[in-house]
Amino acid sequence: MRTSQYLLSTLKETPASAEVISHQLMLRAGLVRNLASGLYTWLPTGLRVLKKVENIVREEMQRAGANEISMPMVQPADLWEESGRWDDYGPELLRLNDRHKRPFVLGPTHEEVITKLVANELSSYKQLPLSLFQIQTKFRDEIRPRFGVMRSREFLMKDAYSFHLEKDCLEKTYQKMFDAYCRIFDRLGLNYRPVLADTGSIGGDASHEFHVLADSGEDDIAFSDVSDFAANVEKAEALAPTRERAEPKQALAKINTPNIKTIEDVASFLNVDIDKTVKTLLVCGNETEQGEQPLIALVLRGDHQLNEVKAESIAQVASPITFATDEQILEAVGCKAGSIGPIGMNIEIIVDRSAAQLSDFVCGANENDVHFTGANWQRDSSTIEMADLRNVVEGDPSPCGEGSIVIKRGIEVGHIFQLGSKYAEALNCSVLNEGGKNQTLTMGCYGIGVSRIVAAAIEQNHDKFGIKWPKAIAPFQVAIVPMNMAKSARVKETAESLYEQLNNAGIEVLFDDRKERPGVMFADHELMGTPLLLIIGERNLDAQQIEVKNRISGEKSLLAIDEIMSLFE
RNA sequence: CGGGGUAUAGCGCAGCUUGGUAGCGCGUGCGUCUGGGGGACGUGAGGUCGCAAGUUCGAAUCUUGCUACUCCGACCA
């Protein structure tokens with residue numbers, strides 16, 4: 001490709017709308033352009049990268065024995081009603097009507113469609129197991145699209161689905177997919193980790209996420225500092241404290257804490273460590289048989305954060321988690337949110353195990369601007385229920401039993417689930433088993449965010465000059481950068497001949513034939529991240545040499561013209 | 001949805017407080033020079049100041065409403 005025929009579209013300045021580095025560089029290097037919130041056009045350079053990622057994913061899926069298909073993006077609403085997700089999925093599901101006013105959705109995922117397909121196509125256990133996948137545009141009406149293509153509304157996703165008669169067969173395929181994912185991210189040249197994950201709204205049993213490690217990631221991943229344990233913080237268990245709770249030493253006392261609301265303020269006002277305080281959150285509970293919706297109090301140590309996934313998994317707590325309003329709190333407790341505490345409160349209380357281990361702690365007294373000091377479980381409160389409610393923090397013992405927790409940020413680029421029979425049941429997906437009886441299938445599903453990977457790769461591979469593509473996904477393998485070609489016939493001849501040779505050898509080469517100054521060309525190619533630059537100038541032609549610059553290592557070397565092709569063998 | 005911010009040329013911004021002919025840098029067309037790290041000089045083009053209504057002799061500037069984008073919290077590949 002010649003730059004004179006190519007839509008280079010590089011930007012010198014960083015557009016104000018871009019926050020994270022990958023978004024900035026994707027705009028600056030001319031990979032994408034924004035059309036509307038969460039909607040992006042892929043320019044030639046970006047599309048080249050996207051296709052490379054896509055192809056690696058495709059090859060490894062095929063290697064894992066999955067068949068590629070393509071399903072419609074627009075799906076009839078009745079399929080979603082059948083699975084129950086028409087009601088469950090929420091506003092993220094974009095709903096629309098056709099000209100006959102028939103309801104449809106823009107597919108955010110394809111469990112319904114594929115399950116229906118397989119239900120129709122398969123009739124015998126002999127056809128199992130079966131894995132199908134597609135690489136296709138999805139639409140999710142995200143609450144807040146951000147970070148460019150990292151969280152866009154329209155995005156490219158590989159979604160694979162496997163179908164089995166029995167769970168042990170599903171487990172085998174799951175493992176196969178797990179391995180395929182590792183191969184994919186290895187080939188992409190990314191620093192990634194598989195981590196234990198919550199199954200979320202998709203449902204099911206076992207689940208792993210694949211995270212690319214980067215500070216801009218939206219997820220916290222908990223690692224063990226000695227073993228290879230890794231889990232999403234949502235999922236990582238905070239182990240119960242092993243020490244015995246200390247005996248009460250202080251008497252329960254009320255203290256005025258005027259205008260003090262946050263737990264940090266309480267701790268500094270009373271001059272106690274924040275981990276000797278307790279905070280109490282009121283959430284909505286599940287409806288009782290009498291049709292009432294009670295409030296439930298969740299109690300955490302002052303320095304800990306509520307883990308909403310864990311809270312939602314508690315039977316009494318309504319899911320999705322809903323915090324009590326100020327009015328509800330006033331009605332139930334008789335004070336403002338900043339002064340609630342577990343002592344003498346007429347609400348069911350669930351205490352995090354770390355908070356339950358405290359003695360002589362500080363908590364709200366259920367009176368405005370008053371707190372208790374010297375509070376103690378059992379002595380001052382009725383019996384309490386304990387649970388794991390909090391996010392793990394750095395230094396916690398690792399749930400695997402070895403080492404302690406380290407937390408890093410990750411970008412979720414893949415997620416695999418053992419789905420079970422939720423969809424197969426809802427959509428009547430069954431085959432005849434060996435005994436000639438109908439048996440509902442069990443399923444796995446396996447996603448990869450293809451467009452997100454492009455952004456994640458940049459987050460992990462850039463410097464102040466621009467992108468440093470891993471070789472496997474670079475838009476071009478090499479760029480020819482001639483110095484003052486307009487004036488030098490020698491430079492032009494050499495460049496043209498090299499371009500022809502590289503093209504003939506099937507190497508993706510970008511020939512910068514613009515009449516630009518060297519600085520402009522260098523800046524553009526460094527921004528675009530081409531791994532190798534061939535710099536042709538009068539200076540080195542006397543010795544029949546060309547300068548080769550490696551974008552990744554920064555190394556420069558001189559090579560004889562007729563040795564250039566050996567770089568690509 | 002809640003809370004902040006922004007909207008003026010392709011991009012980055014100033015002008016608005018105190019209403020009076022719309023500006024700067026980069027980019028861009030043309031010309032000359034230059035030619036191994038975003039070069040210089042000359043000369044052009046390019047804007048219904050997000051939209052609508054209002055106040056006023058007069059609105060980018062003041063008022064009201066709307067819209068879009070964006071950042072911080074709940075969703076997920």
Side-chain angles (χ1 to χ4, degrees), chain A residues 9-20 23-24 27-28 30 33-39 53 57 89-93 108-110 135-160 181 197-202 207 209-212 218-219 232 234 306 308-309 312 320-323 410-417 445-456 465-466 481-488 491 515-527 533 535-541 546-547 549 556:
Chain A
S9 276
T10 54
L11 263 36
K12 204 171 196 172
E13 290 183 271
T14 303
S17 57
E19 184 75 3
V20 293
H23 188 199
Q24 293 174 356
L27 292 169
R28 288 229 290 136
R33 288 293 179 259
N34 179 256
L35 177 65
S37 178
L39 302 175
V53 177
V57 172
Y89 212 94
E92 217 174 300
L93 182 63
T109 175
H110 281 71
I135 298 173
Q136 201 234 25
T137 300
K138 299 274 188 275
F139 191 95
R140 293 182 191 169
D141 201 354
E142 292 283 348
I143 300 168
R144 183 150 88 85
R146 62 183 143 176
F147 300 161
V149 300
M150 202 115 100
R151 177 172 300 282
S152 50
R153 294 194 289 179
E154 195 178 292
F155 59 100
L156 191 66
M157 177 171 166
K158 184 282 300 178
D159 47 327
Y181 273 44
D198 180 58
T199 49
S201 61
I202 295 185
S207 176
E209 292 169 350
F210 287 75
H211 282 264
V212 165
E218 296 180 275
D219 288 274
N232 195 308
E234 286 179 349
L306 177 69
E308 300 192 6
V309 170
E312 281 173 3
I321 199 155
T322 316
F323 288 96
I411 301 166
E412 185 188 356
V413 289
H415 200 159
I416 59 178
F417 299 86
C445 87
Y446 317 92
I448 286 186
V450 177
S451 42
R452 179 180 283 182
I453 283 174
V454 176
F465 299 110
V481 188
M483 298 293 104
N484 197 17
M485 188 169 75
K487 286 276 173 66
S488 166
V491 169
K515 191 173 177 294
E516 276 295 355
R517 301 177 61 82
V520 174
M521 293 197 269
F522 288 133
D524 276 344
H525 294 293
E526 275 159 12
L527 181 58
L533 299 188
I535 302 158
I536 304 172
E538 281 284 339
R539 196 197 275 177
N540 296 319
L541 280 184
I546 284 174
E547 185 181 324
K549 181 165 180 187
K556 298 181 197 173

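Note on naming: letters A, B, ... go to the chains in the order of the sequence lines (proteins, then strands), and numbering restarts at 1 for each one. The figures here come from the full heavy-atom set of this structure, side chains too, leaving out hydrogens, waters and symmetry mates.
Contacts of Gly537(A) with the nucleic acid, taken as non-hydrogen atoms under 4.0 Å apart, include base atoms. Within the 4.0 angstrom heavy-atom criterion, no nucleotide atom of any strand lies near Thr10(A). Counting non-hydrogen atoms under 4.0 angstrom, Ala523(A) reaches a base of the nucleic acid. Residue contacts for Glu526(A): at a heavy-atom cut-off of 4.0 Å it reaches a base atom on one of the strands shown. Residue contacts shown for Gly449(A) include a base, since a base heavy atom lies under 4.0 Å away. Within the nucleic acid shown, Ser488(A) has no heavy atom closer than 4.0 Å to any nucleic acid atom. When heavy atoms are screened at a 4.0 angstrom cut-off, Asn232(A) is found touching no nucleic acid atom at all. Ile143(A) comes within 4.0 angstrom of a base, heavy atoms only. Counting any heavy atom pair closer than 4.0 Å across all strands shown, Ile535(A) reaches a base atom. Counting non-hydrogen atoms under 4.0 angstrom, Met157(A) reaches the backbone sugars and phosphates but no base. At a threshold of 4.0 angstrom between heavy atoms, the contacts of Asp219(A) include nucleobase atoms, whether or not backbone atoms are also involved. Within the 4.0 angstrom heavy-atom criterion, base atoms lie near Lys549(A).
For Pro108(A) against Tyr89(A), the heavy-atom pair with the smallest separation is CB-OH, 3.7 Å. Residues Glu308(A) and Phe323(A) approach most closely at OE2-CE1, 3.9 Å, considering heavy atoms.
Between the C1' atoms of rC33(B) and rU8(B), the separation comes to 36 Å (whole Å). The same atom, C1', is picked in rG5(B) and in rG50(B); the two are 16 Å apart, to the nearest Å. Comparing rG29(B) with rC76(B), their P atoms sit 48 Å apart, to the nearest whole Å. Here the separation of rU64(B) from rU17(B), taken at their P atoms, is 15 Å to the nearest Å. On the P atoms, rU70(B) is 15 Å away from rC13(B), given to the nearest whole Å. Rounded to whole Å, the separation between the C1' atoms of rC75(B) and rG12(B) comes to 33 Å. Between rC41(B) and rC26(B), the distance separating the two P atoms is 9 Å to the nearest Å. Rounded to a whole angstrom, the distance from the P atom of rA7(B) to that of rC49(B) is 15 Å.
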Interface polar pairs with nucleotides 23-30 of chain B, N/O, under 3.5 angstrom:
from, atom 1, to, atom 2, distance (Å)
rG25(B), N2, Glu13(A), OE1, 2.6
rC26(B), O3', Lys12(A), NZ, 3.3

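One interatomic measurement links the two molecules: CZ of Arg140(A) to P of rA74(B), which rounds to 18 Å at whole-angstrom precision. Taking atom CD of residue Glu92(A) and atom C1' of nucleotide rA74(B), one finds them 11 Å apart after rounding to whole Å. Taking atom CG of Asn34(A) as the reference point, atom C1' of rA7(B) lies 14 Å away to the nearest angstrom. Atom CZ in Phe147(A) sits about 17 Å away from atom P in rC69(B), given to the nearest Å. The CD-C1' distance, from Glu218(A) to rC72(B), rounds to 12 Å in whole Å. Here rG38(B) presents its P atom at 12 Å from CZ of Phe465(A), a figure rounded to the nearest Å. In this structure, Leu533(A) places its CG atom 12 Å from C1' of rG37(B), rounding to the nearest Å. Rounded to whole Å, atom P of rC76(B) lies 13 Å from atom CG of Leu93(A).
Side chain Arg151(A) to base rC75(B): a donor-acceptor pair is found below 3.5 Å. Below the 3.5 angstrom threshold, one finds no donor paired with an acceptor across the side chain of Arg517(A) and the base of rG35(B). No N or O donor and acceptor, one from the side chain of Arg144(A) and one from the base of rC75(B), sit under 3.5 Å apart.
Considering only side-chain atoms of Lys515(A), the nucleotide from rG35(B), rA77(B), rC13(B) that sits closest is rG35(B). The Glu19(A) side chain lies nearest to rC71(B) when the options are rG35(B), rC71(B), rA77(B). The side chain of Lys487(A) has rG35(B) as its nearest neighbour among rA77(B), rG35(B), rG38(B). Checking rA77(B), rC11(B), rA74(B) against the side-chain heavy atoms of Glu308(A) singles out rA74(B) as nearest.
The side chain of Arg146(A) places an N or O atom within less than 4.0 Å of a non-bridging phosphate oxygen (OP1 or OP2) of rG73(B).
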Starting from the C-alpha separation in whole Å, work towards a yes-or-no answer on side-chain contact (heavy atoms from CB on, under 4.5 Å) for His211(A) and Asn232(A).
-> CA-CA 9 Å; His211(A) 282 264; Asn232(A) 195 308; 4.0 Å; yes
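With a cut-off of 3.5 Å on both pairing distances, the Watson-Crick or G-U wobble partner of rA40(B) is rU32(B). The partner of rU6(B), taking Watson-Crick or G-U wobble pairs whose two distances both stay under 3.5 Å, is rA68(B). Base pairing of rA45(B): no nucleotide in any strand meets the Watson-Crick or G-U wobble criterion (both distances under 3.5 Å). The pairing partner recorded for rC1(B) is rG73(B), the criterion being a Watson-Crick or G-U wobble arrangement whose two distances lie under 3.5 angstrom. Across all strands shown, rC13(B) forms a Watson-Crick or G-U wobble pair with rG23(B), both key distances being under 3.5 Å.
No option in Val454(A), Ile135(A), Val53(A) other than Ile135(A) meets the side-chain contact (heavy atoms from CB on, under 4.5 Å) test with Leu156(A).
No donor-acceptor distance shorter than 3.5 angstrom exists from the side chain of Arg28(A) to the backbone of Thr10(A), with no hydrogens or angles considered. A donor-acceptor pair under 3.5 Å is absent between the side-chain atoms of Arg151(A) and the main chain of Arg144(A), judged by distance alone. The main-chain N or O of Arg153(A) is never found under 3.5 Å from a side-chain atom of Arg140(A) such that the two would form a donor-acceptor pair. The backbone N or O of Ile416(A) sits less than 3.5 Å from a side-chain atom of Ser207(A), completing a donor-acceptor pair. Glu218(A) contributes no side-chain N or O that, together with a main-chain N or O of Ile411(A), makes up a donor-acceptor pair within less than 3.5 Å. Under the 3.5 Å distance criterion, the side-chain polar atoms of Lys138(A) are left unmatched by any main-chain donor or acceptor of His110(A).
Along RNA chain B, the nucleotide nearest Ala486(A) and the nucleotide nearest Pro15(A) are compared for position; the residue whose nucleotide lies closer to the 5' end is Pro15(A). Annotation: of the two residues near RNA chain B, Glu412(A) and Gly38(A), the 5′-most nearest-nucleotide partner is Gly38(A).
Judged by ring centres under 5.5 Å apart and planes tilted less than 30 degrees, Phe522(A) fails to stack against the six-membered base ring of rG38(B).
Between Glu234(A) atom CD and Glu312(A) atom CD the span is 9.5 Å, to the nearest 0.5 Å. Atoms CE and CZ, on Met483(A) and Phe522(A) in that order, are 3.5 Å from each other to the nearest 0.5 Å.
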